[in-house]
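Per chain, numbering begins at 1; letters A, B, ... match sequence-line order.
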Number of protein chains: 2
Amino acid sequence: MKRVVSFRFMSDETPGPRGAARIHQAAREVLAGRGYSALTMEAVAAAAGVGKSTIYRWWPNKEALLADALAEVFKGEEIPDLGDTRAELRRAVDMTMDNYADAGLAIALPALAADLARHPELLARFREVFLWRKRGNIAAALHRGVDRGDLPATLDTDLIQDLWAGTIMYRRLMTGGPLDDDLAERLVQLAFKV
Amino acid sequence: MKRVVSFRFMSDETPGPRGAARIHQAAREVLAGRGYSALTMEAVAAAAGVGKSTIYRWWPNKEALLADALAEVFKGEEIPDLGDTRAELRRAVDMTMDNYADAGLAIALPALAADLARHPELLARFREVFLWRKRGNIAAALHRGVDRGDLPATLDTDLIQDLWAGTIMYRRLMTGGPLDDDLAERLVQLAFKV
DNA sequence: CGAGAAATGAAACGGGTCGTATCGTTTCGT
DNA sequence: ACGAAACGATACGACCCGTTTCATTTCTCG
């Protein structure tokens, strides 16, 4: 009896679970509607109209399920070469803002990262999906701007992305300040001045 | 029998609990050593050598206790007039970095903010202690810089503080990037350019 | 189509936490 | 020295986690 619980955290294969889509969506609904600490497996199972055992058959624990559910909606698209550095950077900032648009989901990210602190391999994958993948695309756009001569050659792509994502996350999580056009424009301008 | 459980969340009076200091410290120790999700009331009580009932006698729940325990070490000092704008800003950035120096405590802040989402009055006090109080002091330093002509009159003190704190928190919580001298210097320079 | 395999929903479990209540004891203020 | 307040221990019901069992439904493919 080799019923191995497949550990699919953020993998690409889509093998078993018949109700995977339903379960992912249920997790996001509970999260957005009742918060991270109310996200119980029983609540997710109930919302998905599914037995708890079905969830545990496909995900090893709550963190893995949530990471899968979030990865599905977290945008990490490539930024096309528009020939216009400013427009490309604006698109990058907008993409980041979109990722944090839903407060429930945004709050879950650091909470999840914190819970993952004792699962190093999961934390590494989490960062890959939620940070590095997206950052690579944005870095490409930034480099195009440098090549065009629009951005200073000394630009620190890591710093500018920390500034962008950090400010957006901080407003969402802590101050509750606005995530609007004005902020987006100012963040874009930052890249030209730093 | 009017044994009213005094609700002292972040107040200044220090009335009853004989073991308050011990309990606060125990909460911080458990938090730093085993993480937010391992911060149980029983663990805190055990670490403080105190009965659980004693904690519940003075704090209504875990969030309130933790908010008190964190407020005690969160720095929101005034920044003295040094006559040197750059030096004052550096001090402001260093203060913010200090507040996020301990990873365990830093991670607790957004987690706590998230848990407080359903306690609006607690959330308001949380923000007062952890955000506005400190921000007022930093804003004062920024305004001095503007008055000296060192900083542009158009400076957005809210934005610059979001940039500072956001970047620092983001590195601590998400990327794990360095919080060092180099970052501090770059953040300071930001104020002169934005 | 039909039979075997795989996935499923329901239910129950031990272990653990929360917040409350109730003890008998220790410490404080006066 | 005495009464009131704070204390520690302990037990409670309610809830949740993560696992297991089991009878039923749904797939798969010969």
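Annotation for A:Leu105 and A:Ala32: closest pair CD1-CB, 4.3 Å, computed over non-hydrogen atoms.
Between B:Ala48 and A:Leu39, the residue anchored closer to the 5' end of DNA chain D is B:Ala48, taking for each the nucleotide with the nearest heavy atom.
Every residue meeting the side-chain contact (heavy atoms from CB on, under 4.5 Å) condition with A:Lys193, not counting sequence neighbours, appears here in chain and number order: A:Gln189. Every residue two or more places apart in sequence or in another chain that forms a side-chain contact (heavy atoms from CB on, under 4.5 Å) with B:Asp181 is listed here: B:Arg90.
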Below 3.5 Å, can you tabulate the donor-acceptor pairs from side chains in residues 163-170 of chain B to any protein atom, sequence neighbours excluded?
residue  : atom : partner  : partner atom : Å
B:Trp164 : NE1  : B:Leu187 : O            : 2.8
B:Thr167 : OG1  : B:Leu163 : O            : 2.6

Give the table of side-chain donor-acceptor pairs shorter than 3.5 Å for residues 142-150 of chain B, with sequence neighbours excluded, one pair per line with atom names and distance.
residue  : atom : partner  : partner atom : Å
B:His143 : ND1  : B:Ala139 : O            : 3.2
B:Arg144 : NE   : B:Glu88  : OE1          : 3.0
B:Arg144 : NH2  : B:Ile79  : O            : 2.8
B:Arg144 : NH2  : B:Pro80  : O            : 3.4
B:Arg144 : NH2  : B:Glu88  : OE1          : 2.9
B:Arg148 : NH1  : B:Thr85  : OG1          : 2.7
B:Arg148 : NH2  : B:Asp81  : OD1          : 2.9
B:Arg148 : NH2  : B:Glu88  : OE2          : 2.7
B:Asp150 : OD2  : B:Thr85  : OG1          : 2.6

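The shortest distance between the side-chain N/O atoms of A:Trp58 and the OP1/OP2 oxygens of C:dA7 is not below 4.0 Å. Taking 4.0 angstrom as the limit, B:Thr54 places a side-chain polar atom (N or O) nearer than this to OP1 or OP2 of D:dG8.
Between the CZ atom of A:Arg34 and the C1' atom of D:dC16 there is a distance of 13 Å, given to the nearest Å. Distance A:Ile23 CD1 to C:dG9 C1': 11 Å, rounded to the nearest Å.
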Can you give me the N/O atom pairs linking the protein to nucleotides 18-25 of chain D at distances under 3.5 Å, or say none if there are none?
residue : atom : partner : partner atom : Å
D:dG18  : OP2  : A:Tyr56 : OH           : 2.9
D:dG18  : N7   : A:Lys52 : NZ           : 3.1
D:dG18  : O6   : A:Lys52 : NZ           : 2.8

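Screening residues 63-87 of chain B for ring-ring contact (aromatic ring centres under 6.0 Å, His included) gives B:Phe74-B:Phe130 as the qualifying pairs, with residues at least two apart or on separate chains. Among pairs with a residue in residues 23-33 of chain B, those fulfilling salt bridge (Lys or Arg N to Asp or Glu O under 4.0 Å) read B:Arg28-B:Glu72, at least two apart in sequence or across chains. Applying the ring-ring contact (aromatic ring centres under 6.0 Å, His included) test to every pair with at least one member in residues 172-194 of chain A, sequence neighbours left out, gives no pairs at all.
Residue A:Ile55 is classed as having no contact, given no heavy-atom separation below 4.0 Å to the nucleic acid.
One axis for each end of the helix from C:dC1-D:dG30 to C:dT30-D:dA1, each built from five base pairs, and the angle between them comes to 30° at 10° resolution.
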